[in-house]
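Shown next, in structure tokens, is the structure this report addresses.
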Amino acid sequence: MQFLENKATTVTSWETFKFNNEPNKTITSTSCLEESCSQGSSKRLKLSVPIDNVATSALVNRLKKVLNKAGLERLISFPIVHCPESFGVILKAADRVNNVGKVILGWKVVYSGDTRPCSKTIEATQGDTILMHEATFEDGMAREAIAKNHSTTKEAIDVGNSAAAYQIVLTKKLRLGDDILVMLV
């Protein structure tokens with residue numbers, strides 16, 4: 001098993017690896033999250049991530065091959081409002097042709113991870129088949145959600161509706177002693 005950091009699969013990183021394979025080049029992707037938070041946040045987060053092209057290039061190429069074999073077009077990470085280096089993920093299936101020659105459009109799933117509602121998630125979800133969004137806090141607990149950089153149920157649904165997602169799946173973390181259980185609602 002090998003690990004590839006999310007910062008290596010952002011749109012900027014994919015484009016840079018696609019057009020620039022210079023071995024000694026370092027990619028820096030900067031995205032200021034304070035402008036993308038639509039409902040407030042307990043922290044203003046700035047993401048500035050250098051990506052070593054040499055160390056990451058081979059892993060990115062392997063990921064491309066794995067995605068292709070699985071019938072997937074892309075896997076893209078995007079910054080979210082939670083803590084530094086937090087990302088959501090877009091997974092897009094490639095279009096395919098059925099046995100009668102009809103093109104079947106690929107599906108798209110966006111997983112937010114823990115986050116405050118933010119424009120980056122809405123942007124990533126445009127044209128989405130399924131949005132899986134964290135909804136840790138009930139609607140009456142907005143203050144707690146803001147303090148912990150999470151979302152309420154209503155906020156998560158509003159994100160999906162703003163992006164016109166076909167389906168919204170809400171996730172909720174429950175703590176059972178020392179264990180954390182993620183529920184799909």
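If you read the sequence from its start, that first residue is 1, and numbering goes on from there.
- Formation of a donor-acceptor pair under 3.5 Å by the Ser77 side chain with backbone atoms of Lys7 is not found in this model.
- Trp107 is connected to Leu131 through a chain of hydrophobic side-chain contacts under 4.5 Å among Ile, Leu, Val, Met, Phe, Trp and Tyr, so both are in one cluster.
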For this session: Decide yes or no on side-chain contact (heavy atoms from CB on, under 4.5 Å) for Phe87 and Thr10, but give the supporting numbers first.
Result: CA-CA 9 Å; Phe87 292 85; Thr10 63; 3.9 Å; yes
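- Rounded to the nearest 0.5 angstrom, Leu75 CG and Lys92 NZ are separated by 13.0 Å.
- Contacts of Gln126 classified as side-chain contact (heavy atoms from CB on, under 4.5 Å), with partners at least two apart in sequence or in another chain: Ile122, Ala163.
- Residues passing the side-chain contact (heavy atoms from CB on, under 4.5 Å) test with Glu123: none are found, sequence neighbours excluded.
- Residues passing the side-chain hydrogen bond (donor to acceptor under 3.5 Å, both in side chains) test with Arg62, sequence neighbours excluded: Gln2.
- Separation of atoms CG (Leu63) and CG (Asn68) is listed at 11.0 Å; rounding is to 0.5 Å.
- Clustering of Ile, Leu, Val, Met, Phe, Trp and Tyr side chains at separations under 4.5 Å places Val97 together with Val103.
- Evaluation of the ring-ring contact (aromatic ring centres under 6.0 Å, His included) test over residues 58-79, restricted to residues two or more places apart or in two chains, returns none.
- With rounding to the nearest 0.5 Å, the separation of CE in Met141 from OG1 in Thr153 is 10.5 Å.
- Between Ile90 and Lys108, the shortest heavy-atom distance links the atoms CG2-CE, 3.7 Å.
- Listed by chain and number, the residues in a side-chain hydrogen bond (donor to acceptor under 3.5 Å, both in side chains) with Thr125 amount to none (sequence neighbours excluded).
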For this session: Any chance you could lay out the side-chain contact (heavy atoms from CB on, under 4.5 Å) test for Lys172 and Glu138, step after step, and finish with the verdict?
Result: CA-CA 10 Å; Lys172 183 175 185 99; Glu138 296 173 17; 4.2 Å; yes
For this session: Could you give me the CA-CA distance, side-chain angles and deciding distance for Asn149 and Val81, then say whether side-chain contact (heavy atoms from CB on, under 4.5 Å) is met?
Result: CA-CA 7 Å; Asn149 284 332; Val81 178; 4.3 Å; yes
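- Taking Ile, Leu, Val, Met, Phe, Trp and Tyr as hydrophobic and joining them when side-chain heavy atoms fall under 4.5 Å apart, one finds Ile104 isolated, its cluster having no other members.
- One hydrophobic cluster holds both Val11 and Val109 under the rule that ILVMFWY side chains link at heavy-atom gaps under 4.5 Å.
- In terms of modelled atom types and a separation under 3.5 Å, the side chain of Glu134 and the main chain of Thr115 share a donor-acceptor contact.
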For this session: Just do the side-chain contact (heavy atoms from CB on, under 4.5 Å) check on Thr9 and Val89 with the steps written out, would you?
Result: CA-CA 9 Å; Thr9 59; Val89 177; over 6 Å; no
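- Counting only residues at least two apart or in different chains, ring-ring contact (aromatic ring centres under 6.0 Å, His included) contacts with residues 148-168 comprise His82-His150, Phe137-His150.
- Rounding to the nearest 0.5 Å gives a distance of 5.0 Å between OG1 of Thr152 and CG of Asp139.
- Looking at every heavy atom in both residues, Ser151 comes nearest to His133 through OG-CE1, 3.2 Å.
- Expressed to the nearest 0.5 Å, how far CG of Leu105 lies from OG1 of Thr129 amounts to 9.0 Å.
- Of the inter-residue distances, the one linking Ile80 atom CD1 with Thr121 atom OG1 reads 6.5 Å to the nearest 0.5 angstrom.
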